[in-house]
Amino acid sequence: MLRTERLVLRPVRAGDADWIATEIARPEVQQWLTSPPHPYRLAHARDFIARFGSGPGTRVIDAGGTSCGVITIEAANSFADDRSEGWELGYWLRVDAWGRGLMTEAARAMLTDHRARHRATIHSGWITGNAGSARVLAKLGFLGPTETLRRHAHFRGGPVPVERVHLPADAPLP
């Protein structure tokens, strides 16, 4: 478990499936994600928890007793076959948690924890047009965009442009 000034980042558990399924299924959230199936159902949330719930790289973001999102630093190719090897930061928040700096705070804690175990470059990105994610990654010191990839987004039914950035292993966290 990780703690910040306002957050608890705890392991994901079976009881999280209902709220995860509900929140990812919201169009405002899922439109900015490439990995989740569409429509997103309870079975998908359960599968996600079974697959990633036991490792240190997947955490629920809890703000004041409310589960408001999920953050991961996992092997990029564990999410989709078309992704390269290496570490990937991914995240999402429920809509009512947007714009409060929670993701930047959660990601800084996850990156610090990850660096204590692994000294490696971390990659991330956003679907073109997602200004919120672009701001989060810039505040964390990610460099780029270095390239624009086309990735399949299930919600949109086809490939979308994804702006890719990276945080070198030796880069300081702001």
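A quick note: this is a predicted structure, and the numbers were derived from the prediction, not measured.
Remark: Ser67 OG to Ile20 CD1 distance equals 8.0 Å, nearest 0.5 Å. Remark: Thr58 OG1 to Tyr91 OH distance equals 15.5 Å, nearest 0.5 Å. From His154, atom NE2 reaches atom NE2 of His44 across 9.0 Å, with rounding to the nearest 0.5 Å. Leu42 CG to Thr22 OG1: the interatomic distance, rounded to the nearest 0.5 Å, is 8.0 Å. For the atom pair CG of Leu7 and CZ of Arg3, the computed distance is 11.0 Å after rounding to the nearest 0.5 Å. Rounded to the nearest 0.5 angstrom, Asn130 CG and Arg135 CZ are separated by 8.5 Å.
Of all heavy-atom pairs between Gly141 and Leu167, the closest is O-CD1, 3.5 Å. Scanning all heavy atoms of the two residues, the minimum distance from Pro11 to Val60 falls at O-CG2, 4.4 Å. Annotation for Pro37 and Gln30: closest pair O-NE2, 2.6 Å, computed over non-hydrogen atoms. Among all heavy-atom pairs drawn from Ala25 and Tyr40, the shortest one is CB-O, 3.8 Å. Closest heavy-atom contact between His123 and His166: ND1-CB, 3.7 Å. Taking every heavy atom of both residues into account, Leu137 and Gly125 meet most closely at CD1-N, 3.9 Å.
Under the 6.0 Å distance and 45° angle rule, Arg156 counts as a cation-pi partner of Trp32.
Using a 4.5 Å heavy-atom cutoff, the side chains of Trp126 and Pro145 are in contact. No side-chain heavy atom of Pro174 sits less than 4.5 Å from a side-chain heavy atom of Lys139. Counting heavy atoms from C-beta on, the side chains of Thr146 and Val165 never come closer than 4.5 Å. Looking at Phe155 and Pro36, their side chains never come closer than 4.5 Å, going by heavy atoms from C-beta outward. Contact annotation: the side chain of Val162 never approaches that of Thr128 to less than 4.5 Å [non-hydrogen atoms, C-beta and beyond]. His114 is not listed as a side-chain neighbour of Thr112, based on a closest heavy-atom distance of 4.5 Å or more.
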Check step by step if side-chain contact (heavy atoms from CB on, under 4.5 Å) holds for Val136 and Phe142. CA-CA 9 Å; Val136 166; Phe142 278 76; over 6 Å; no
How far apart are the C-alpha atoms of Leu111 and Ile73, what are their side-chain angles, what is the distance that settles it, and do they pass the side-chain contact (heavy atoms from CB on, under 4.5 Å) test? CA-CA 8 Å; Leu111 290 165; Ile73 300 179; 3.8 Å; yes
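For Arg10, the CZ atom counts as densely surrounded, since its 6.0 Å shell holds more than 12 non-hydrogen atoms of other residues, nucleotides or ligands. Within a 6.0 Å sphere centred on CZ of Arg6, heavy atoms belonging to other residues, nucleotides or ligands number more than 12.
Remark: Arg94 pairs with Glu23, Asp96 by the salt bridge (charged side-chain N to carboxylate O under 4.0 Å, His left out) rule, at least two apart or across chains. Ala107 is linked by a side-chain contact (heavy atoms from CB on, under 4.5 Å) to Ile71, Leu89, Leu140, counting only residues two or more places apart in sequence or in another chain. Residues satisfying the salt bridge (charged side-chain N to carboxylate O under 4.0 Å, His left out) test with Arg119, not counting sequence neighbours, are none. Residues passing the side-chain contact (heavy atoms from CB on, under 4.5 Å) test with Glu5, sequence neighbours excluded: Glu105.
Counting Ile, Leu, Val, Met, Phe, Trp and Tyr side chains that sit under 4.5 Å apart, directly or through other members, Leu143 stands alone, with no cluster partners. Residue Met1 shares its hydrophobic cluster (ILVMFWY side chains chained together at separations under 4.5 Å) with Val8.
Using a 4.0 Å cut-off between charged side-chain N and carboxylate O, Asp47 and Arg51 make no salt bridge. At a threshold of 4.0 Å, the pair Arg164-Glu88 counts as salt-bridged, since one of the basic side-chain nitrogens sits closer than that to a carboxylate oxygen.
Relative ring orientation between His118 and Trp87 is described as tilted, the plane-to-plane angle lying within the 30° to 60° band. Aromatic ring orientation, Trp92 versus Trp19: tilted (interplanar angle from 30° to 60°).
Taken together through direct or relayed side-chain contacts under 4.5 Å among Ile, Leu, Val, Met, Phe, Trp and Tyr, Leu2 and Val12 form part of one hydrophobic cluster.
The side chain to side chain contact (heavy atoms under 4.5 Å, CB included) test with Met110 is passed by exactly one of Ile122, Thr72, Leu9: Leu9.
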